[in-house]
Amino acid sequence: MTVTPASTDPAPLARKAAGATFDPIFKVLCASAATMLLVTLGGIVISLGLGGWPALSKYGLSFFLSSTWDPVADIYGGAGPIAGTLITAVLSLCFALPLAFGIAVFLVEFCPPLLRRPIGIAVELLAGVPSIVYGMWGLFVFAPLFSQYVELPLIAMAPPGSIWEQIVQGIPNGSGILSASIILAVMILPYMAATLRELFLTIPQKVRESAYGLGCTTLEVIWSVTLPYVRRSAIGAVMLGLGRALGETMAVTFIIGNSHAFPKGIFDGGSTIASTIANEFQEATSDLHTSALIALGLVLFGLTFSVLAIARALLGAPKNG
Amino acid sequence: MFKSFAITLTATLLASVAAQAGDITGAGATFPAPVYAKWAESYKAQAGTQVNYQAIGSGGGIKQIKAKTVAFGASDKPLTSDDLKAAGLVQFPTVIGGIVPVTNLPGIKPGELRLNGDVLAKIFLGQVKKWNDPAIAALNPGKALPALPITVVHRSDGSGTSYVFTSYLSLVNADWKAKVGANTDVAWPAGEGGKGNDGVAALVKQTPGALGYVEYVYSHGNHLDYISLSSASGAYLEPNEKTFATAAAKADWAHTPGFAVSLLNQPGAAWPISSATFILVYEKQDDAAQGASVLKFFDWAYKNGDAQALQLDYVPLPASVKTLVRKTWAKAVHDASGKPVYVSQ
């Protein structure tokens with residue numbers, strides 16, 4: 001069989017000419033889109049830095065260590081919101097991770113095919129609920145129930161003078177650090193569950209079947225084969241959840257209790273960086289107040305950026321790492 | 001920075017649209033936004049002029065009028081006469097509102113609990129911690145007060161409401177003035193913060209033993225338990241249109257530059273935490289026609305808007321104050337040649 005040489009056909013020549021004209025333009029367009037992204041990112045960092053500089057240079061290290069936030073005297077220390085951000089993000093991760101893991105394992109290993117789609121859709125729907133809805137639900141529905149059935153009994157049960165009493169102190173009205181963490185956990189759950197499920201599905205069927213063939217129980221397969229196989233990427237998935245928890249604003253603002261002080265217990269009111277900015281930016285009239293809020297924004301940007309960078313690095317690494 | 005940029009951009013876009021259509025744009029305080037919207041709606045139907053009001057907060061309103069992106073700014077916190085002079089602005093009040101301390105106390109009916117300003121400040125300072133504290137019991141002889149801890153609820157967002165409330169506490173308690181002071185947002189010594197009036201209302205409703213403060217319209221609309229608060233002369237008053245109007249009538253509007261008179265803590269039957277909300281316009285109007293239509297709108301509202309204001313739980317200005325404001329317009333708001341842009345008929 002002989003194949004007609006392509007050069008005898010006039011059409012490819014014309015195509016080549018067209019390619020010579022449009023390809024460079026296309027390349028430039030794509031490159032400028034990518035450059036614009038980098039410029040935007042750089043612009044955000046620079047303007048946050050410039051905007052926050054007056055506060056950062058005035059207070060120096062005490063901006064991170066002091067929790068005095070007094071707009072009347074123009075003294076700003078961000079320790080309260082920074083601590084609140086980290087505490088709620090880590091707590092929410094502690095609640096969401098086991099659940100997300102359970103959902104992902106169930107969907108991949110145990111789920112009857114008939115249920116797989118409905119559960120998958122439910123997880124996606126949960127991810128699609130706007131955060132303000134979580135906030136209002138949290139304040140009007142969740143908080144009263146949480147106060148009555150969790151906070152009040154726990155406070156009543158705590159032996160006076162014990163460490164336990166220290167931990168559960170606060171105002172038992174359903175809003176506070178712990179409530180905010182639980183709402184956050186619900187919000188980051190679907191992202192983590194979906195990412196973990198995708199990861200588990202990347203494991204070649206053969207590997208798992210071999211393990212079962214060797215006589216492993218399901219638990220053993222998950223513990224000794226599945227998890228080691230996706231370990232690094234799974235950490236990346238966790239980091240993505242953490243990144244979202246760090247920056248979540250409206251839902252947290254509704255339910256965290258909004259006090260600038262360093263939280264004393266898990267039922268105590270606190271604040272996060274994002275909630276502080278959302279609360280105060282509109283009415284921040286003094287320049288230093290605005291600057292302090294922008295500086296907090298820079299801190300949050302740094303936190304989220306490093307978490308996402310770690311996530312990227314781990315997700316990008318070889319799957320069998 | 002980005003937010004204010006975005007606001008500026010939106011306001012500029014809207015302003016340019018407005019300029020084309022002969023419409024007017026204002027921005028500022030959230031507290032009077034419902035009544036401004038209502039007035040704008042009726043005014044559009046009667047006069048054909050569209051008034052766009054953006055409730056971006058008092059701080060935002062002051063920034064926007066100073067940046068000249070809007071035809072008028074609105075603020076709950078009056079500018080001082082020095083600020084007004086420096087910026088070349090004229091300030092006038094539109095409606096009066098009251099701020100109401102609200103409680104959630106099982107077994108105590110609305111208006112039954114009596115407090116005075118000093119004790120209220122002590123509670124917000126965290127010095128009085130229980131409802132059966134002797135300081136509260138002394139004001140409520142013969143009443144069975146619960147042994148509940150007091151949960152203070154304040155606004156978490158910067159707000160004109162907080163400004164008026166903390167101004168009142170500063171006025172009646174020296175300790176509060178020295179330690180906390182008055183501002184749209186302060187370093188609250190005690191309690192939790194709710195976002196917006198409705199956030200405070202929700203937290204108070206959900207927390208037995210809570211004490212918060214909201215605009216009258218929210219205490220009224222949410223059926224929250226208000227307290228009886230003593231005026232400067234010691235009379236215990238309930239918050240309502242009548243006691244707010246008394247506060248407005250007693251104040252010395254004529255001799256206060258920029259109408260920035262304090263309605264707080266007056267003697268007699270005047271609700272002690274009342275305040276006016278203000279509009280800011282430029283003395284010298286670059287666009288005389290636009291300046292005239294702003295004043296025309298508010299003059300129309302003074303003449304026709306009282307019923308609507310009352311319906312929305314605001315208190316209209318006393319007639320004498322309206323006359324004073326009209327005089328100020330004729331005297332102070334002028335075009336480039338110094339001619340008044342609008343004279344009320």
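Residue numbering restarts at 1 for every chain, and letters A, B, ... go by the order of the sequence lines.
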Verdict with supporting geometry, V102(B) and Y218(B), side chain to side chain contact (heavy atoms under 4.5 Å, CB included): CA-CA 10 Å; V102(B) 289; Y218(B) 286 87; over 6 Å; no

Engaged part of F140(A) at the chain B interface, taking heavy atoms whose separation is under 4.5 Å: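 Interface part for F140(A): both.
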
Inter-chain contacts: residues 84-96 of chain A against chain B, heavy atoms under 4.5 Å: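 Those residues of residues 84-96 of chain A which would need a heavy atom under 4.5 Å from chain B do not exist here.
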
I'd like to verify something: which residue of [options] has the highest number of heavy-atom pairs under 4.5 Å with chain B?
options: S275(A), G270(A), G176(A), S175(A); value: S175(A)
options: G257(A), A143(A), G269(A); value: G257(A)
options: S271(A), S259(A), P144(A), A73(A); value: P144(A)

Separation between CG of L115(B) and CD1 of I227(B), rounded to the nearest 0.5 Å: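 L115(B) CG to I227(B) CD1: 4.0 Å, rounded to 0.5 Å.
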
So [X] and [Y], would you call those rings parallel, tilted or perpendicular, with 30° and 60° as cut-offs?
X: H154(B); Y: W188(B); value: parallel
X: F165(B); Y: Y168(B); value: tilted
X: F146(A); Y: F267(A); value: perpendicular

Inter- and intrachain pairs under salt bridge (charged side-chain N to carboxylate O under 4.0 Å, His left out), touching residues 154-175 of chain B, at least two apart: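 Residue pairs with at least one partner in residues 154-175 of chain B: R155(B)-D157(B), D175(B)-K179(B).
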
Side chain, backbone, both or neither of [X] within contact of chain A (heavy atoms, under 4.5 Å):
X: S58(B); value: both
X: S159(B); value: backbone
X: V153(B); value: neither

Pairing residues for Y76(A) by the ring-ring contact (aromatic ring centres under 6.0 Å, His included) criterion, not counting sequence neighbours: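 Once residues adjacent in sequence are excluded, the partners of Y76(A) under the ring-ring contact (aromatic ring centres under 6.0 Å, His included) criterion are W69(A), H289(A).
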
Residues 74-84 of chain B: residues contacting chain A (heavy atom under 4.5 Å, by number):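 Heavy-atom contacts from residues 74-84 of chain B to chain A are absent.
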
Steps toward side chain to side chain contact (heavy atoms under 4.5 Å, CB included) verdict (T166(B), V180(B)): CA-CA 8 Å; T166(B) 53; V180(B) 186; 5.5 Å; no

